[in-house]
Amino acid sequence: MTICTTTDCGNETSTYLCGQCVNDLQLWLDKVTETRQMLFTTMAKLDNTGPKNSEGGGGGSTGSAMPLREGAMDLRYALAMWEGLNAAELARDEHAHGFLAMIRELIQDAEKLVDLPPETIAYGPCQTPGCPAQLTGPPDAHTSTCPTCEAVHDVKEHRAQLLRKAHGEPKTPREAREYIQRETGLEVSKKDFENWVQRGHLTHVEERDMADGKRHKLYLPGDVFKAAKQVRDKLIKV
């Protein structure tokens, strides 16, 4: 017997998770399929909530619904890797202590997104010192006026963060590897990372000029974690 690896648990276990933590993880895993279906339904609704194309009178929806729809699509993609998994089997993984927090955050983010009216999303707390209000507005807004102090805030970056949240902020290869190890305990070597890129298992999402004067390719930590898990489960070859 050993001690459960979940932070502040302390229960005895023969795997990396005790029975209670396995049960807790399974409860969240059981929500995945239903949550992905809710997100799909939300995406379908959002297809019809954006401003209609005034030229031609026809159909397609664009505009304010699109960023929120993309957020739902990203969350569905991130949740797909957890669908159908069994907590008891995951408990034998040395990194199991970080799984519950990851899937719980994804599902909670999905539930918040589904509950929001199509025309309005939350951009976070007002940045005015001492103001307790939350900023809201259309998904395509550039600014949001605080309902309490009436200060006007630039929310473009808030909107970008919402769309990136499912996979994490784009990072350099080293930053992405360090982030995965810090958040999940999964160590990805520089050589493995480079091999995954070379074989097409990992694709950068943008290129950016950094402080060192060089142009770096940036990757999403969620994509790195997915590739590492697929290698471990022998779904892809390295």
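Along the sequence shown, the residues carry numbers beginning at 1. The structure displayed is predicted, hence computed values, not measured ones.
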Legend entry - Interatomic spacing from NZ in K171 to CZ in R208 - rounded to 0.5 Å: 9.5 Å

Legend entry - R177 and E175 ion-paired at < 4.0 Å: no

Inset, instruction - Find out whether R76 and L39 are in side-chain contact, i.e. whether some heavy atom of one side chain is under 4.5 Å from a heavy atom of the other. - result: yes

Inset, instruction - Look at the side chain of T148 and the backbone N and O of A133, then say whether any donor-acceptor pair between them is shorter than 3.5 Å. - result: no

Legend entry - Minimum heavy-atom distance L106-A78, with the two atoms named: CD2-CB, 3.8 Å

Legend entry - Gap separating the NE2 atom of H216 from the CG atom of D209, nearest 0.5 angstrom: 9.0 Å

Inset, instruction - Report the distance from atom CD of Q198 to atom NZ of K191, rounding to the nearest 0.5 Å. - result: 11.0 Å

Inset, instruction - Decide yes or no for V224 and W196: does some side-chain heavy atom of the first lie under 4.5 Å from some side-chain heavy atom of the second? - result: yes

Legend entry - CG-CE distance between D223 and M81, expressed to the nearest 0.5 angstrom: 10.0 Å

Inset, instruction - Indicate the atoms forming the closest heavy-atom contact of P173 with K217, along with that distance. - result: CD-O, 3.5 Å

Inset, instruction - Verify the cluster assignment for F225 and L218: are they in a single hydrophobic cluster under the rule of side-chain heavy atoms below 4.5 Å apart? - result: no

Inset, instruction - Could you tell me the separation between the OG1 atom of T145 and the CD atom of E150, rounded to the nearest 0.5 Å? - result: 8.0 Å

Legend entry - Nearest heavy atoms of L135 and P125, plus distance in Å: CD1-O, 3.9 Å

Inset, instruction - Report yes if some heavy atom in the side chain of Q26 is under 4.5 Å from a heavy atom in the side chain of L29; otherwise report no. - result: yes

Legend entry - Check: I3 and E12 side chains under 4.5 Å, non-hydrogen atoms: yes

Legend entry - Minimal non-hydrogen separation, E94 against H97, with atom names: O-ND1, 3.7 Å

Inset, instruction - Give, for atom CD1 of I107 and atom CD of E34, the distance between the pair rounded to the nearest 0.5 Å. - result: 9.5 Å

Legend entry - W82/F99 aromatic ring centres below 6.0 Å: yes

Inset, instruction - Could you check if a side-chain atom of R174 sits within less than 4.5 angstrom of a side-chain atom of F193, using non-hydrogen atoms only? - result: no

Legend entry - Residue pair L79 / E83, side-chain heavy-atom distance below 4.5 Å: no

Legend entry - pair T6-C18: side-chain heavy atoms closer than 4.5 Å: no

Inset, instruction - Kindly indicate whether the side chain of L90, heavy atoms from C-beta on, has any atom under 4.5 Å from the side chain of L17. - result: no

Inset, instruction - Give a yes or no on this: more than 12 heavy atoms of other residues, nucleotides or ligands lie within 6.0 Å of atom CD of E207. - result: yes

Legend entry - Shortest non-hydrogen separation from A91 to V22 and the atoms involved: CB-CG2, 3.7 Å

Inset, instruction - Return yes if some donor-acceptor pair links the side-chain N/O of S189 with the main-chain N/O of D192 below 3.5 Å, else return no. - result: yes

Inset, instruction - Report yes or no: does Q108 contribute a side-chain atom to a donor-acceptor pair with the main-chain N or O of E105 at less than 3.5 Å? - result: no

Inset, instruction - Specify the closest pair of heavy atoms between L202 and A227, including all atoms of both residues, with the distance to one decimal. - result: CG-CB, 4.3 Å

